[in-house]
Amino acid sequence: MVNSGKEMLSSAQQLISQTGKRMGLEQELINRLVLPERIIEFALPLEKDDGRLEVLIGYRSQHNNLRGPYKGGIRFHQNVTREEVQALSLLMTIKTAVANIPMGGGKGGIAVDPKSLSKAELRKLSKLYAQKLAPFMGQDIDIPAPDVNTNPQIMQWMLEEYEAIKGKKEPSAFTGKAVEHGGSLGREEATGYGGVIALEELLSRLQLDKQRPLTIAIQGFGNVGYFFSEAAYSKGHQIVAISDSKGGITAHETGNLEPKLVIDCKKEQGSIAGCYCVGGLCDSSNGENITNEQLLELPVDILVPAALETVITSKNMQNIKAKIIVEMANGPITEEAREYLTHKGVYILPDVLANAGGVIVSYLEWVQGKQGYWWSKKEVIARLEEIMKSAFSDVWTRSAEKDIDLKSAAFEVALQRLTAQL
Ligand code: GLU
């Protein structure tokens, strides 16, 4: 896990190079798309509640702005590295191009375990990060958003600091804000819901849409995993396993975990492990606790890695039994594993398409903030659906025309749109 940033970076760069070569692009052009335009590294001197000074490291990688301002989240995690942030910013450039929204790619992070900080420390750290990034960002330059372990509250603290420095209101400088602070309705559920829109499109192309329920295992129960499971459940699928960073539960092939009950139990107990026997869950299953590794290898129709990168690798790829994998995390499958699984006939709905719902509604939030006029949730969701379906269709068509897998097709669509700007 510690090295996952390096592995993900080389996977992502390799994908751009391979795609560029297959499309006959010149090497200079490929280099331009592989390398970030700028990476900023900051020292963040955080004064802790007990008066000690801890110097943390933060990053912002501004990968590419050919199609619009740099766009992407900021994550707080102990394993954040320069390489990881760089890789994730590259994936954002591809993602915004696949979604065909007028944005580029960026990503930021702080190497810190946010669970070790008090609320006051977290607020101070968020504001410090915004201070350091302020000279290099803005609604038309670089627009951060939430990512792993960051949320609307953190965006609000950062925006407050940024606006204080600039001396003006500029709500579209950050997205993923709370609705009462200029956020968009529908942003909270957008990533998970967008993933289910893409999944349903895939099922209909594979003529599996009449087959209900399909069994689903979901790794990760943060914002993305939760809203994905809720949307999939309401579409009539059967959620047979869910996990968080501390472990998970399975209801086996016969049971169905109701996401709402699981999240209530997680809130109460602090983790999912043990939640199968809560509320109505016990009646519907003879569930048991499982590890995150076991969850990935369950005999399900659809596997959804929705936590962190590099969880399906050469070490466990032979044990994966799902027929469809929806990459809701960024970079959960290494290149070697992707090639192996694709060859085996597994359909992988790639991250740059499957989890684009978040950045799509971020874009809608940015538009609303700039025009100072907010849409209803119905309107936002309708636009999200339209953009997601059209992105899916572009990727699917390219994949069929060229007889290539969906990730390769998504990269082709993106590179074509990026090079059209040159
Ligand atoms: N962090 C999300 C992602 O990886 C959302 C980014 C955004 O909304 O800018 O796509």
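Remember, it's 1-based here, ligands and their atoms both numbered in the order they're listed. No hydrogens, no waters, no symmetry mates; every other heavy atom, side chains included, goes into these values.
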Examine distances only and state if a side-chain atom of [X] and a backbone atom of [Y] form a donor-acceptor pair shorter than 3.5 Å.
| X | Y | value |
| --- | --- | --- |
| Thr150 | Ile74 | yes |
| Arg67 | Leu418 | no |
| Lys95 | Val359 | no |

Can you list every pair where an N/O of ligand 1 is under 3.5 Å from an N/O on the protein?
residue	atom	partner	partner atom	Å
ligand 1	1 (N)	Pro146	O	2.9
ligand 1	1 (N)	Asp147	OD1	2.7
ligand 1	4 (O)	Lys95	NZ	3.2
ligand 1	4 (O)	Lys107	NZ	2.9
ligand 1	4 (O)	Asp147	OD1	3.4
ligand 1	4 (O)	Asn330	ND2	3.2
ligand 1	8 (O)	Arg187	NH2	3.1
ligand 1	8 (O)	Ser362	OG	2.6
ligand 1	9 (O)	Lys71	NZ	2.8
ligand 1	10 (O)	Lys95	NZ	2.7

(request) For Tyr59, check ring pair (Phe, Tyr, Trp, His ring centres under 6.0 Å) against everything at least two apart and list the hits. (result)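 Applying ring pair (Phe, Tyr, Trp, His ring centres under 6.0 Å) to Tyr59 gives none.
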(request) For atom NZ of Lys169, decide whether the heavy atoms of other residues, nucleotides or ligands shown that lie under 6.0 angstrom number more than 12. (result)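 No, the 6.0 Å shell around NZ holds no more than 12 heavy atoms from other groups.
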(request) Run the ring-centre check on Phe221 versus Tyr226 and record whether the distance is less than 6.0 Å. (result)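 Yes, the ring centres sit under 6.0 Å apart.
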